Amino acid sequence: MHSKVIIIGSGPSGHTAAIYAARANLEPVLFEGMMAGGVAPGGQLTTTTEVENFPGFPAGITGSELTDKFREQSERFGTQIITETITRVDLSSRPFKLWREDADGDSDEPDTCDSLIVATGATAKRLNIAGEDKYWQRGMSACAVCDGAAPLFRNKPLVVIGGGDSACEEATFLTKYASHVYIAVRRDAFRASNIMAKRAINHPKITVLWNTHVIEAKGDDRVLTHVVLQDAKTKETRNLDVSGLFYAIGHTPNTAFLNGQLTTDETGYLVVKPGTSLTNVQGVFAAGDVHDKRYRQAITAAGSGCMAALDAEKYLEELEAEAQEKASKL
Ligand code: FAD
Ligand code: NDP
């Protein structure tokens, strides 16, 4: 199958790109993934409960309802949505080639396109400790900014795991709601920048637990009530009463399938020309968390999806103009 625009990814960035591309009559095809990276079609928002900071929903909306609405809006303007995962691409020549996952690996015949929007997102790292399956979203989360204000966490002790800027920022953020916040750091130093680390260390509502692993989440069968800590040096264990556990141990951008064909930074995030969605390959655009490790919000992802579609539209117009000029010279 050949398309003018293919979009890989089904979060807010992919669907916003699809809505814009479809309204521009580019007849986009969107691969929404089949549990790509362990996440359902719709992306990270399908893993959360209430979304309260996406404009247009003053009473809030569940993550799954919001992603269903994105999908419905993409389809309304004619986006073709395919529930398959792209496993491999060849961006070395035009048209670009993409292979879908099938039972024995990759499809034999590639799909092709004139322009490509990569909107595959990023996956928050988790530790998969004992009890995580049971208490995920019942006190455990990978996004303090998103979930921290929930009633479950108000005036309760909470723990953040990680030692980077995210852990410090999220712990500081959580002090607005929590009675106290612990940061469990696996070694005796922060990775975070000095200023962020100092802000956390000096905060009266934050205690840093150095050399500490969190090895188990426990609760009352309904919600999380405490965690089991282990001293990284002595291996001694103890319980800590908390109503919330937040992972802040980094994200993995979903770029492995690109096999190094697009420029990434040292942590795998796609690099774009500042202020645009342009990657190092002409005709290939990036949108959403796959190129944004700073903001990582649904609304910023949606905004960059719009940018990618507008950039793709402009690129296709230029291709068309070039082709017409060539034809007129013949
Ligand atoms: P993603 O949402 O990451 O979606 C990309 C999706 O594309 C993947 O999940 C997968 O389904 C698909 N895909 C990936 N690879 C492939 C492939 N190779 N082929 C085909 N398909 C593929 N933000 C807010 O603004 N408000 C909130 O309340 C909020 N709550 C959150 C709660 C949690 C628990 C988490 C983890 C995040 C939350 N966020 C929230 C952040 C928000 O979800 C992300 O910033 C946003 O979803 C990023 O959108 P995206 O389009 O870049 O990609
Ligand atoms: P980082 O990769 O910087 O830090 C991850 C932290 O998690 C490290 O302290 C690491 O420990 C710890 N960690 C990793 N794996 C485990 C594990 N299995 N068990 C326990 N701890 C673990 O990720 P961040 O998300 O914090 O930051 C990503 C980028 O975003 C950075 O460049 C950061 O500067 C930037 N950022 C900037 C902000 C700002 O300026 N306002 C806010 C948030 C992020 P260890 O150190 O031992 O490896």
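Not measured: the values here are computed from a predicted model. Order of appearance sets the numbers: ligands from 1, and atoms from 1 within every ligand.
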Novice: Please write down residue, atom name and distance for the protein heavy atom closest to atom 23 (N) of ligand 1.
Specialist: A298 N, 3.3 Å

Novice: If you take the nearest heavy atom of each of V290, N53, D147, which one is closest to atom 26 (N) of ligand 1?
Specialist: N53

Novice: Look up atom NE2 in H180 and atom NE2 in H203, then write down how far apart they are to the nearest 0.5 Å.
Specialist: 10.0 Å

Novice: Strictly under 6.0 Å, is that where the ring centroids of F153 and F246 end up?
Specialist: yes

Novice: Any atom of ligand 1 sitting under 4.0 Å from a heavy atom of H15?
Specialist: no

Novice: With respect to atom 12 (C) of ligand 1, which of E32, M35, M140 exhibits the smallest heavy-atom separation?
Specialist: E32

Novice: Could you find the nearest protein heavy atom to atom 14 (C) of ligand 1 and give me its residue, atom name and distance?
Specialist: T120 O, 3.4 Å

Novice: Check whether W136 forms a cation-pi arrangement with R126 (NZ or CZ under 6.0 Å from the six-membered ring centre, at most 45° off the ring normal).
Specialist: yes

Novice: Test of understanding: with side-chain hydrogen bond (donor to acceptor under 3.5 Å, both in side chains), list the residues that count as partners of D221, not counting sequence neighbours.
Specialist: K134

Novice: Take K293 and D265 through the salt bridge (Lys or Arg N to Asp or Glu O under 4.0 Å) test and state the conclusion after the steps.
Specialist: CA-CA 11 Å; K293 64 179 174 195; D265 70 7; 3.0 Å; yes

Novice: What I want to know is whether V51 and ligand 1 share at least one N or O pair that is separated by under 3.5 angstrom.
Specialist: no

Novice: In the protein, what heavy atom is nearest to atom 19 (N) of ligand 1, and what distance, to one decimal place, separates them?
Specialist: I86 N, 3.0 Å

Novice: Could you tell me if the ring centre of F190 sits under 6.0 Å from that of W210?
Specialist: yes

Novice: Select the closest option to atom 37 (C) of ligand 1 among R100, Q44, H291, Q137, judged by heavy-atom distance.
Specialist: Q44

Novice: Does K235 have more than 12 heavy atoms from other residues, nucleotides or ligands lying within 6.0 Å of its NZ?
Specialist: yes

Novice: Please determine if R71 and E32 form a salt bridge, counting it only when a charged side-chain N lies under 4.0 Å from a carboxylate O.
Specialist: yes

Novice: When you measure from the side chain of Q73 to the backbone of F70, do you find a donor-acceptor pair of N or O atoms at a distance under 3.5 Å?
Specialist: no

Novice: Which ligand 1 atoms does A122 reach within 4.0 Å, using its non-hydrogen atoms?
Specialist: 3 (O)

Novice: Determine whether any heavy atom of P12 lies closer than 4.0 Å to an atom of ligand 1.
Specialist: yes

Novice: For the residue pair F173 and Y177, categorise the inter-ring angle as parallel (less than 30°), tilted (30 to 60°) or perpendicular (more than 60°).
Specialist: perpendicular

Novice: Select all protein residues for which some heavy-atom-to-ligand 2 distance is less than 4.0 Å, and list them by chain and number.
Specialist: L127, G162, G163, G164, D165, S166, E169, R186, R187, R191, M196, A248, I249, G250

Novice: Could you list the residues that satisfy side-chain hydrogen bond (donor to acceptor under 3.5 Å, both in side chains) with T237, not counting sequence neighbours?
Specialist: none

Novice: What protein heavy atom sits nearest atom 28 (O) of ligand 1, and how far off is it?
Specialist: C146 CB, 3.5 Å

Novice: For a quick check under 3.5 Å, do Y247 and E132 share a side-chain donor-acceptor pair by atom type?
Specialist: yes

Novice: Within the 4.0 Å heavy-atom shell around G288, which atoms of ligand 1 are there?
Specialist: 52 (O)

Novice: Between K329 and E325, does at least one N-O distance fall below 4.0 Å, as a salt bridge requires?
Specialist: yes

Novice: Is R76 paired with E72 through a side-chain N to carboxylate O contact shorter than 4.0 Å?
Specialist: no

Novice: For R23, I'd like to know if atom CZ has over 12 heavy atoms of other residues, nucleotides or ligands within 6.0 Å.
Specialist: no

Novice: May I ask you to list the atoms of ligand 1 that are less than 4.0 angstrom from any heavy atom of E84?
Specialist: 20 (C)

Novice: Answer with side chain, backbone, both or neither: which part of I8 has a heavy atom less than 4.0 angstrom from an atom of ligand 1?
Specialist: side chain

Novice: With no hydrogens and no angle check, is any side-chain donor or acceptor of T276 less than 3.5 Å from a backbone partner on K273?
Specialist: yes

Novice: State whether the shortest distance between N or O atoms of R296 and N or O atoms of ligand 1 falls below 3.5 angstrom.
Specialist: yes

Novice: Would you mind checking which non-hydrogen protein atom is closest to atom 52 (O) of ligand 1, with the distance to 0.1 Å?
Specialist: D289 N, 2.8 Å

Novice: Are M1 and L98 linked, directly or through other ILVMFWY residues, by side chains that come within less than 4.5 angstrom of each other?
Specialist: yes

Novice: Between D220 and T225, does any side-chain donor sit less than 3.5 Å from a side-chain acceptor?
Specialist: no

Novice: What part of S141, side chain, backbone, both or neither, has a heavy atom within less than 4.0 angstrom of ligand 1?
Specialist: neither

Novice: Please confirm whether S10 comes within less than 3.5 Å of ligand 1 when only nitrogen or oxygen atoms on both sides are compared.
Specialist: yes

Novice: Just jot down the side-chain contact (heavy atoms from CB on, under 4.5 Å) partners of A18, sequence neighbours excluded, or say none.
Specialist: I7, L30, S74, T79

Novice: So does R94 pair up with D114, basic N to acidic O under 4.0 Å?
Specialist: no

Novice: Taking only Lys NZ, Arg NE, NH1 and NH2, and the carboxylate oxygens of Asp or Glu, determine whether E65 and K69 approach each other closer than 4.0 Å.
Specialist: no

Novice: Near T85, which atoms of ligand 1 are under 4.0 Å from a heavy atom of that residue?
Specialist: 17 (C), 18 (N), 19 (N), 20 (C)

Novice: Does ligand 1 have an atom that lies less than 4.0 angstrom from a heavy atom of F54?
Specialist: no

Novice: Considering only heavy atoms of F31, which atoms of ligand 1 have at least one such atom less than 4.0 Å away?
Specialist: 20 (C), 21 (N)

Novice: For atom 32 (C) of ligand 1, what is the nearest protein heavy atom, given as residue, atom name and distance?
Specialist: T48 CB, 3.4 Å

Novice: For A119, counting its heavy atoms only, list the atoms of ligand 1 lying under 4.0 Å from any of them.
Specialist: 5 (C)

Novice: Name the closest protein heavy atom to atom 53 (O) of ligand 1, giving the residue it belongs to and the distance to 0.1 Å.
Specialist: G121 CA, 3.4 Å

Novice: Give the atoms of ligand 1, by number and element, whose distance to some non-hydrogen atom of V39 is under 4.0 Å.
Specialist: 9 (O), 11 (O)

Novice: Please indicate whether any nitrogen or oxygen in S13 is less than 3.5 Å from any nitrogen or oxygen in ligand 1.
Specialist: yes

Novice: Can you find a non-hydrogen atom of A124 under 4.0 Å from ligand 1?
Specialist: no

Novice: What residue and heavy atom of the protein are closest to atom 9 (O) of ligand 1, and at what distance?
Specialist: G43 CA, 3.1 Å

Novice: Using distance alone, decide if ligand 1 has a nitrogen or oxygen within less than 3.5 Å of any nitrogen or oxygen in N254.
Specialist: no

Novice: Which option wins on minimum heavy-atom distance to atom 11 (O) of ligand 1: A36, A40, G33?
Specialist: A40

